[in-house]
Asker: 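Handing you a structure now.
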2 protein chains.
Amino acid sequence: MDIQNTQSQMRKGVLEFCILSIIQQGEVYPSDIVEKMKLANLHILEGTLYPLLTRLKNAGLLNYRWVESISGPPRKYFVMTEEGKAAFAVLLQTWKEMTTAVDQLTQEKTNTAENSNQAVS
Amino acid sequence: MDIQNTQSQMRKGVLEFCILSIIQQGEVYPSDIVEKMKLANLHILEGTLYPLLTRLKNAGLLNYRWVESISGPPRKYFVMTEEGKAAFAVLLQTWKEMTTAVDQLTQEKTNTAENSNQAVS
DNA sequence: TTACAATACATTGATTTACAATATATTATA
DNA sequence: TATAATATATTGTAAATCAATGTATTGTAA
């Protein structure tokens, strides 16, 4: 029940960061993103991705250009703006700091209420 | 604008995991959790924490016991159930796998739409 | 003894967002 | 001409965090 929800929360938290990371590595259209995320075991649905890309574009972090396809309708290829690159650099730093903090948090020693109560003033 | 929101999403994603981690290390009451999270730069408000703890208790992962305080009303000290410990072990594994996946994702080479288009069939 | 401050548990309403389902449009193929 | 595959996009629902506020207990000071 709840554990799957917690796992889901963890994955949701890094969605935007990962998508920015993918786009920074090169032009992609939405299906590319879905596929790359799937390979990383971070599944995302189109109904989630499209509004998210629109959000990031409206925030000035992304742009897109239409590219004709030989096997279907034209595609929106997304690219990072300069603002987007700067934002990603900040997010990468945030990611590193957060993982360090969480890793530390999960490795701390065990206490009991009785011997750790001095925290209260 | 949006970058703070993305940072916030990242932190939200690990809230439950971190709180379970803290409780697994020893009995704590909510204010302890707020303080420990703050030290890890993962701020959480009481309005978020109380429903979350209730959720985890209803899911069978936590229990609590009342402990009298010398400086205020009695406190609910939370402890892990056996089920909670098992769930945390799974989540720790999920966390490790996810960070590995995200770290790989952020370190991949750069492509362009032109030279990576073979992904389409 | 009364009032106030500090501490602690708890709820409510608003906002955000992921998801499932579905809609619309284009291209190739049967 | 109809169908399948591909692609962009929207709608309604559910879940969860947050800010604000409420309720209760204890100690201290007037």
Side-chain angles (χ1 to χ4, degrees), chain A residues 1-19 27-35 37-38 42-59 62-78 113 117 119-121, chain B residues 1-19 27-35 37-38 42-59 62-78 113 117 119-121:
Chain A
M1 297 287 123
D2 193 81
I3 190 174
Q4 290 171 3
N5 183 39
T6 306
Q7 290 175 318
S8 171
Q9 283 179 37
M10 269 175 47
R11 295 198 176 98
K12 281 182 193 175
V14 295
L15 274 191
E16 272 191 27
F17 173 58
C18 288
I19 286 161
E27 293 184 310
V28 284
Y29 78 107
S31 293
D32 286 337
I33 296 175
V34 170
E35 191 182 347
M37 292 293 280
K38 195 176 178 183
L42 298 159
H43 302 265
I44 186 172
L45 300 177
E46 295 188 338
T48 303
L49 184 56
Y50 282 97
L52 193 157
L53 291 170
T54 301
R55 215 157 68 225
L56 294 173
K57 184 189 178 294
N58 291 341
L62 299 181
N63 253 319
Y64 65 80
R65 63 187 184 97
W66 288 101
V67 175
E68 296 294 321
S69 166
I70 51 164
S71 62
R75 304 164 176 173
K76 274 188 179 176
Y77 272 85
F78 285 86
N117 238 346
V120 182
S121 61
Chain B
M1 297 285 125
D2 192 82
I3 191 172
Q4 289 172 4
N5 182 41
T6 306
Q7 288 176 319
S8 171
Q9 283 180 36
M10 269 175 49
R11 295 197 176 99
K12 282 183 192 173
V14 295
L15 275 190
E16 273 192 26
F17 173 57
C18 288
I19 285 161
E27 292 184 310
V28 283
Y29 77 108
S31 293
D32 287 336
I33 296 175
V34 170
E35 191 183 347
M37 291 293 280
K38 196 175 176 181
L42 298 159
H43 303 266
I44 185 171
L45 300 179
E46 294 188 339
T48 303
L49 185 55
Y50 282 99
L52 192 156
L53 290 170
T54 301
R55 214 158 67 225
L56 293 173
K57 184 188 177 297
N58 291 341
L62 299 180
N63 253 319
Y64 65 81
R65 64 189 185 95
W66 287 102
V67 175
E68 297 294 321
S69 167
I70 52 164
S71 62
R75 304 165 178 173
K76 275 187 178 175
Y77 273 84
F78 285 86
N117 238 346
V120 182
S121 59

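Chain letters run A, B, ... following the sequence lines, proteins first, then strands; residues in each count from 1. This one's a predicted model, so the numbers in the text were calculated from it and none came from an experiment. Heavy-atom basis, side chains included; hydrogens, waters and symmetry copies ignored.
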Asker: Expressed in angstrom and rounded to an integer, what is the separation of L45(B) atom CG from dA8(C) atom C1'?
Answerer: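 These atoms are roughly 15 Å apart.
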Asker: Show your working on side-chain contact (heavy atoms from CB on, under 4.5 Å) between K76(A) and W66(A) and close with a plain yes or no.
Answerer: CA-CA 5 Å; K76(A) 274 188 179 176; W66(A) 288 101; 3.5 Å; yes
Asker: Nearest 0.5 Å please: distance from the CD1 atom of I19(B) over to the CG atom of L53(B).
Answerer: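 Output value for this atom pair is 6.5 Å.
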Asker: Could you measure the distance from the CD1 atom of I3(A) to the CG atom of L56(B)? Nearest 0.5 Å is fine.
Answerer: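 Rounded to the nearest 0.5 Å, the CD1-CG separation comes to 11.0 Å.
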Asker: Check nucleotides 10-15 of chain C for protein N or O atoms closer than 3.5 Å to its own N or O atoms and list the pairs.
Answerer:
| unit_1 | atom_1 | unit_2 | atom_2 | d |
| --- | --- | --- | --- | --- |
| dA10(C) | OP1 | K76(B) | NZ | 2.7 |
| dA10(C) | OP2 | K76(B) | NZ | 2.9 |

Asker: Does G72(A) or K12(A) map to a spot on DNA chain C nearer the 5' end, using the closest nucleotide for each?
Answerer: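 Going by which nucleotide is closer to the 5' end, it is K12(A).
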Asker: In whole angstroms, how far is the C1' atom of dA18(C) from the CG atom of L53(A)?
Answerer: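 Between C1' of dA18(C) and CG of L53(A): 14 Å.
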Asker: Please give, in whole Å, the distance from dC18(D) C1' to N5(B) CG?
Answerer: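 Spelled out: CG on N5(B) to C1' on dC18(D) is 13 Å.
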Asker: Can you check the I19(B) CD1 to dA16(D) P distance for me, whole Å?
Answerer: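 These atoms are roughly 13 Å apart.
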Asker: Find out whether Y29(A) and V67(A) are in side-chain contact, i.e. whether some heavy atom of one side chain is under 4.5 Å from a heavy atom of the other.
Answerer: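 Y29(A) vs V67(A): side chains apart.
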Asker: If you measure from CD1 on I33(B) to CG on L49(B), what distance do you get to the nearest 0.5 Å?
Answerer: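 The CD1 atom of I33(B) sits 5.0 Å away from the CG atom of L49(B).
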Asker: Could you tell me how far apart D2(A) (CG) and dA15(D) (C1') are, to the nearest whole angstrom?
Answerer: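 Value for this atom pair: 12 Å.
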Asker: Examine dA18(C): is either OP1 or OP2 under 4.0 Å from a nitrogen or oxygen in the side chain of Q9(B)? Give yes or no.
Answerer: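 Yes.
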Asker: Measure CD/Q4(A) against C1'/dA18(C) and give the value in whole Å, please.
Answerer: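 Those two atoms, CD and C1', are 16 Å apart.
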Asker: Please confirm whether the shortest side-chain N or O distance from S31(B) to OP1 or OP2 of dA8(C) is below 4.0 Å.
Answerer: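 For dA8(C), OP1/OP2 do have a side-chain N/O of S31(B) under 4.0 Å.
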Asker: For the side chain of Y29(A), starting at C-beta, report the closest nucleotide among dC18(D), dA7(D), dT17(D).
Answerer: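 From the listed options, dA7(D) comes nearest.
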Asker: Dot-bracket for DNA chain D, please, read 5' to 3', with Watson-Crick or G-U wobble pairs under 3.5 Å on both distances, ( ) within the strand, [ ] crossing, | other strand, . unpaired.
Answerer: ||||||||||||||||||||||||||||||
Asker: Given dA16(D), dA18(C), dA24(D), identify the nucleotide with an atom nearest to the side chain of P73(B).
Answerer: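 Among the listed nucleotides, the one closest to the side chain of P73(B) is dA24(D).
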Asker: Nearest whole Å is fine: how far is dA15(D) P from L52(B) CG?
Answerer: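 These atoms are roughly 15 Å apart.
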Asker: So how far is it from R75(B) CZ to E27(B) CD, rounded to the nearest 0.5 Å?
Answerer: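 The CZ atom of R75(B) sits 12.5 Å away from the CD atom of E27(B).
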Asker: Please list all pairs meeting side chain to side chain donor-acceptor pair (under 3.5 Å) that have one or both residues in residues 47-56 of chain A, counting only residues at least two apart or in different chains.
Answerer: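 Qualifying pairs: E16(A)-R55(A).
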Asker: Quick one: is R55(A) getting a side-chain N or O under 4.0 Å of the dA18(C) phosphate, OP1 or OP2?
Answerer: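 It does, given that an N or O in the side chain of R55(A) lies less than 4.0 Å from OP1 or OP2 of dA18(C).
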Asker: Provide, to the nearest angstrom, the distance between the CE atom belonging to M10(A) and the P atom belonging to dA18(C).
Answerer: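 Taking atom P of dA18(C) as the reference, CE of M10(A) is at 16 Å.
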Asker: Are the side chains of M37(B) and C18(B) in contact, using a 4.5 Å heavy-atom criterion?
Answerer: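 Heavy-atom side-chain distance check passes, below 4.5 Å.
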Asker: Do M10(B) and Q7(B) have side-chain heavy atoms sitting under 4.5 Å apart?
Answerer: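 No, side chains not in contact.
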